[in-house]
Participant: 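Once you've had a glance at the structure underneath, I'll fire off some questions.
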Amino acid sequence: MIHLKSERDIEKMKESADIVGRTLGEVAKLIRPGVSLKTLDKVAETFIRDNGAVPSFKGYEGFPASLCLSVNDVVVHGIPKNQELRDGDIVSVDCGACKNGFHGDYCYTFEVGHVTEEIHNLCVRTKESLYKGIAEAVEGKRVGDIGHAIQTYVESFGYSVVREMVGHGCGRHMHEKPDVPNYGSIGKGARLTKGMVICIEPMINMGVRNIRVDKDGWTTRTADGLPSAHYEHMVAIRENGSELLSTYRYVEEVLNKKTA
């Protein structure tokens, strides 16, 4: 069942989404060669709880941390360990927070130090594909329109789209219907309706689309060991378009200061 949200529900989701955005901003301040994944996770959990929310991920189906931290060939669901980031890495930081009964959930992929041009382009184009998908998130269209826009854009650069992991609805539960694949055909899939809130999250591999899961049951890697990038936004379907509930503003403020 697809749960449509009232205006009051959406306002509560904006509050949770803002906490996620500010948490990502706090994490962005710390991302550099030498910082451990466990440090990033600890800072995120403290910030979420200090702002009256609880981490959506911690304990979800047994997941042991507040962030999913996925480095280089890890597509999603990386468990924060004592691993330290190195110059040239990329790390996707996926964060969730629940406040007033509603979840916020989205992701940003960070470049660590100086990455190769090839890896930088993967990140840029994956992020661009996210906004291509968002542009299709309009009442009356279908989830296949979103996936088609993402897929055709990234495949034009020779990248591939992960099939097993998809976007999703979000609300009182972190994962709700409908599924929102990052591939698809125009006019296919669930119809987008006013009041739906969906998470659009392209997971794009530099090489093959195939994945494998580590023995921990969570860490999901590219089958060929090449890098993967992941970006995510929360989108409310409106009568005459869509509205971003999530924001990269806090992340971008930090990144702009670092490059100034």
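Model, not experiment: these values are computed from the prediction.
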Participant: Assess the residue pair D105 and H168 against the criterion (side-chain hydrogen bond (donor to acceptor under 3.5 Å, both in side chains)); give the C-alpha distance rounded to whole Å, side-chain angles, the decisive distance to 0.1 Å, and a yes or no.
Facilitator: CA-CA 10 Å; D105 170 23; H168 52 90; 3.1 Å; yes
Participant: In terms of relative ring orientation, are Y108 and F110 parallel, tilted or perpendicular, with 30° and 60° separating the classes?
Facilitator: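 Tilted: the ring planes of Y108 and F110 meet at 30° to 60°.
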Participant: Honestly curious: do V138 and V180 fall in one hydrophobic cluster under the side-chain, below-4.5 Å linking rule?
Facilitator: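 No, because V138 and V180 fall into different hydrophobic clusters, even though each may have its own neighbours under 4.5 Å.
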Participant: Using the benzene-type ring in the case of Trp, are the ring centres of H77 and F63 under 6.0 Å apart?
Facilitator: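 Aromatic pair excluded; centres sit 6.0 Å or further apart.
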Participant: Considering all heavy atoms of both residues, which atom of L40 and which atom of L85 are nearest to each other, and what is their separation?
Facilitator: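 In terms of heavy atoms, the two residues are closest at CD1-CD1, 4.3 Å.
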Participant: Determine whether the side chains of N182 and E201 contain a donor N or O and an acceptor N or O closer than 3.5 Å.
Facilitator: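 No, E201 and N182 have no side-chain donor paired with an acceptor closer than 3.5 Å.
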Participant: Taking the side chain from E176 and the backbone from R172, do they hold a donor-acceptor pair closer than 3.5 Å?
Facilitator: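 Here the side-chain-to-backbone pair exists.
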Participant: Do R163 and Y183 meet the cation-pi criteria used here (NZ or CZ under 6.0 Å from the six-membered ring centre, within 45° of the axis)?
Facilitator: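 Judged by the rule, R163 and Y183 form a cation-pi pair.
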Participant: Please test T222 against D73 for side-chain hydrogen bond (donor to acceptor under 3.5 Å, both in side chains), starting from the C-alpha separation and ending with a verdict.
Facilitator: CA-CA 6 Å; T222 58; D73 67 323; 4.6 Å; no
Participant: Test your reading of the model: is there a side-chain donor-acceptor pair from S160 to the backbone of V208, 3.5 Å cut-off?
Facilitator: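 Indeed, once roles are kept as given, a pair shorter than 3.5 Å links the two residues.
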Participant: Hydrogens and angles aside, do D94 and Y106 bring a side-chain donor and acceptor to less than 3.5 Å of each other?
Facilitator: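 Judged by distance alone, the side chains do not pair up.
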Participant: Do K132 side-chain atoms and K127 backbone N/O form a donor-acceptor pair below 3.5 Å?
Facilitator: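 Looks like no, no N/O pair under 3.5 Å.
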Participant: Please answer whether the main-chain N or O of K141 pairs with a side-chain N or O of D145 as donor and acceptor at a distance below 3.5 Å.
Facilitator: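 No: the side chain of D145 does not pair with the backbone of K141.
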Participant: Out of curiosity, does Y159 fall in the hydrophobic cluster containing V115 (side-chain heavy atoms, cut-off under 4.5 Å, transitive links)?
Facilitator: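 Shared cluster, yes.
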